[in-house]
Amino acid sequence: MMLPYHVFQNEAISYTQEIYSGIFKTSVENLASSLSVGYFQWHAMYNAVNSGDDTFVEEMLQEIQQDFPGVRSARLINRPPEIPLKDKYKLSAVDQELYLYLNIYDSLMEREIPDKVVIASIDKDALLSEMHLDERVSLTSGGSKSFAYGLRAEVKGYDLTKWLIFHSLASGIIGVLIMMEVLALGLSRYYEMHGLQEIMYLWELEDSYTAFHSKNVSKIAGLLAKKTGLRGKKVREIVNGAKLHDIGKIGISHKILRKRGPLDDIEREVIQGHPEHGKVVLQHFKYLKKFIPYAYMHHEREDGSGYPQGLKGDQLPLEAKIIAVADVFEALTAERPYRDAYTFVQAVDMMTEMPLDQSIVSALIEILPELETELSRRNPEKCWERM
C-alpha cells in the first residue's frame, strides 16, 4: 500500500533540512577556523591585546568586518566565565543570534591571553546567501523546526512532483558541488594548519636543530611582515612558510649540517641543493604548494649572487625577501659549530653590506627590541646547522 502524499512531502522537507543544516554548519565552522587562524593565532594581535594597544586591535577587528561578510560585528571583551581557555573558539546561540568567541594566542600557540576574548556576531543571513540557501531557509524565532546550533527555522519544501524532479536533480547535483567546495576549503585549512603541525613534529624527531632554527625564523619573519605593512592572513602565511623554508634539509646528513670545519665541494653542493629538494617535497602536498617560494627562493639575493636560480631584484617576491632577511639574521645571531654567535647589533651591521633587500633590513633594525623579547628563550645549542 502506498504511503499518503503528505508523508512523502514531510520526508522531502526533513531531508532538505538535514542537507541545508549540514551546509550551514560547515560554513560557520570554516568561518570560525579562518578567523582564528588568520587573526587570533598571531603574535602581533597577542602583543597588542597584552600591551593595551587598542588602536591596532580595533583596526584588525574593522578589517575582519570588511573582509568577512559573515561577521556583523567584532569586539574585544572580558572573558565570560563560560568560555574556556583551552579551546580556540566557541560558538553560542542566544535568542536566535549566533556568536563566536575567539581565544587569542601567539603565532606558535605557546601563550594565550587569559582574561580577554573577541566576540564576533555572526550574520546568519549573509552566510545563507553565500551558500545560496537564503530562498530556502528562513532563520526565525517562530520557525517550526530546529535547524543548527539550536536555531529555529522555516525550511521551504517542494510539492511532491517538483521535489522528485527538481530537488533530486538540481539540488542534488548543486548540493554535492557546494559540499565538495566546502569540503575542499575545510581540507585546505586542515592541511595548512594540522598537516603543517604534523610535518613539523616529524621533522623535529628527525632533526631538532633545523626545526628549532625554522621556528625562530618564523618568529622573526612574522614581526618583519607586520613591520613592512602586511596584515592578517598574509602574515600568518609568512609565519607558516618560514617554518617550512628549510624543509629541503630533510635527509641531509647531520655530519654535513653540523660539521665544524669547512665544507668540501661535494658537501657544499649537497647543502645548496636543499631549496630544490624543498620545492619537490612541497609539490607533493596540494595545499602546501603556496609555500614553495619560501623554500625555493630564500637563498636568492638582490644582486643575483644567490641560489638555486640566481634571481635578483624584482624577480623575487616580497615574501621570499622577508624570509631571506629573517633566515640570515637568525643564523648570524645563533651559535654555530664553526663560530660564536654575533650580537644583534653586529649582525644587522653586517647585513647592511649584504645583497639583501635593504628596506627590509631597515625594518629589521626597527624591531630589534621586540626580537630581544621573542628570541630571549632561544637555546643556541639547538641552532647548530649550516645555512
Side-chain angles (χ1 to χ4, degrees), residues 31-80 83 85 87-90 99-123 192-193 215-243 318-319 321-323 325-326 329 344 359-377:
L31 173 63
S33 178
S34 296
L35 291 176
S36 179
V37 170
Y39 290 88
F40 304 111
Q41 297 173 34
W42 179 24
H43 66 266
M45 180 65 81
Y46 174 90
N47 290 337
V49 174
N50 212 26
S51 64
D53 187 351
D54 296 335
T55 300
F56 177 86
V57 173
E58 186 58 31
E59 285 179 357
M60 292 300 100
L61 296 181
Q62 289 296 324
E63 181 178 306
I64 287 171
Q65 293 172 67
Q66 292 170 6
D67 292 349
F68 292 85
V71 177
R72 182 184 292 114
S73 65
R75 56 194 175 92
L76 184 68
I77 63 171
N78 293 326
R79 178 184 298 278
I83 305 303
L85 276 165
D87 298 327
K88 296 175 184 176
Y89 58 83
K90 180 178 179 179
Y99 298 98
L100 175 63
Y101 294 90
L102 295 134
N103 281 321
I104 303 165
Y105 302 87
D106 64 2
S107 298
L108 300 180
M109 300 287 289
E110 294 175 345
R111 296 171 294 174
E112 182 180 12
I113 299 293
D115 58 342
K116 301 283 186 181
V117 293
V118 167
I119 180 172
S121 174
I122 304 301
D123 190 332
E192 286 178 10
M193 302 313 305
K215 286 183 178 179
N216 289 326
V217 171
S218 74
K219 294 178 181 179
I220 300 166
L223 288 171
L224 271 177
K226 175 63 174 62
K227 191 65 180 179
T228 56
L230 300 178
R231 292 291 186 274
K233 291 180 287 185
K234 176 52 68 175
V235 175
R236 183 65 185 179
E237 180 181 315
I238 286 177
V239 169
N240 285 334
K243 291 177 184 177
L318 175 62
E319 297 89 341
K321 295 182 179 186
I322 289 174
I323 300 297
V325 170
F329 180 78
F344 282 16
S359 66
I360 299 177
V361 174
S362 296
L364 177 71
I365 294 172
E366 293 182 30
I367 63 171
L368 287 183
E370 294 175 79
L371 291 177
E372 289 282 1
T373 301
E374 285 293 328
L375 302 181
S376 61
R377 291 175 292 177

Item to check | Chi angles and distances behind the side-chain contact (heavy atoms from CB on, under 4.5 Å) call for Asp106, Lys219 | outcome: CA-CA 10 Å; Asp106 64 2; Lys219 294 178 181 179; over 6 Å; no

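- Side-chain contact between Phe329 and Leu368 is present, with heavy atoms from C-beta onward closer than 4.5 Å.
- Closest of all the heavy-atom pairs between Leu85 and Pro114 is CD2-CA, 3.7 Å.
- Rounding to the nearest 0.5 Å gives a distance of 9.5 Å between CD1 of Ile64 and CG of Leu31.
- Nearest heavy-atom pair, Tyr39 versus Asp67, reported as atom, atom and distance to 0.1 Å: OH-OD2, 3.9 Å.
- Residue-environment remark: NZ (Lys116) exceeds the threshold of 12 foreign heavy atoms within 6.0 Å.
- The backbone N or O of Arg72 lies less than 3.5 Å from no partner atom in the side chain of Asp123, so there is not a single donor-acceptor pair.
- Between Val239 and Gly222, the closest heavy-atom pair is CG2-CA, 3.7 Å.
- At a threshold of 4.5 Å between non-hydrogen side-chain atoms, the residues Ile322 and Leu230 count as touching.
- At least one side-chain heavy atom of Lys88 sits less than 4.5 Å from a side-chain heavy atom of Met109.
- Each of Asp53, Ile104, Leu76 was evaluated against Met45; a single residue qualifies, Ile104, per the side-chain contact (heavy atoms from CB on, under 4.5 Å) test.
- Residues Glu58 and Asp54 are not in side-chain contact: their nearest non-hydrogen atoms beyond the backbone lie 4.5 Å or more apart.
- Across all their heavy atoms, Ser218 and Ala242 have their closest contact at CA-CB, 3.4 Å.
- Here the straight-line distance linking atom CD1 of Ile119 with atom OG of Ser73 works out to 7.5 Å at 0.5 Å rounding.
- Proximity of Lys227 to Ile360: side-chain heavy atoms (C-beta onward) are nowhere separated by under 4.5 Å.
- At a threshold of 4.5 Å between non-hydrogen side-chain atoms, the residues Arg236 and Gln41 count as touching.
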Item to check | Residues Glu319, Lys234; criterion side-chain contact (heavy atoms from CB on, under 4.5 Å); working and verdict | outcome: CA-CA 9 Å; Glu319 297 89 341; Lys234 176 52 68 175; 3.1 Å; yes

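- Within the 4.5 Å cutoff, side-chain heavy atoms of Leu364 are placed close to those of Ile220.
- Side-chain contact between Val117 and Ile77 is present, with heavy atoms from C-beta onward closer than 4.5 Å.
- The heavy-atom pair separating Ala74 from Val118 by the smallest distance is CB-CG1, 4.5 Å.
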Checklist entry - Taking it one step at a time, do Arg231 and Glu63 satisfy salt bridge (Lys or Arg N to Asp or Glu O under 4.0 Å)? => result CA-CA 9 Å; Arg231 292 291 186 274; Glu63 181 178 306; 5.3 Å; no

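- Annotation: the span from Leu371 atom CG to Asn216 atom CG amounts to 10.5 Å, rounded to 0.5 Å.
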Checklist entry - What do the steps show when you test Ile113 against Tyr46 for side-chain contact (heavy atoms from CB on, under 4.5 Å), and what is the final call? => result CA-CA 7 Å; Ile113 299 293; Tyr46 174 90; 3.7 Å; yes

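- A donor-acceptor distance shorter than 3.5 angstrom exists from the side chain of Thr228 to the backbone of Leu224, with no hydrogens or angles considered.
- A distance of 11.5 Å separates CD1 in Ile238 from OG in Ser107, rounded to the nearest 0.5 Å.
- Taken to the nearest 0.5 Å, the OG atom of Ser362 stands 11.5 Å off from the CD1 atom of Ile367.
- In this structure, Arg111 pairs ionically with Glu374, as a charged nitrogen and a carboxylate oxygen lie closer than 4.0 Å.
- Scored by the side-chain hydrogen bond (donor to acceptor under 3.5 Å, both in side chains) test, Tyr89 finds Glu29 as partners (sequence neighbours excluded).
- Considering CZ of Arg75 and CD of Gln65, their distance stands at 11.0 Å, rounded to 0.5 Å.
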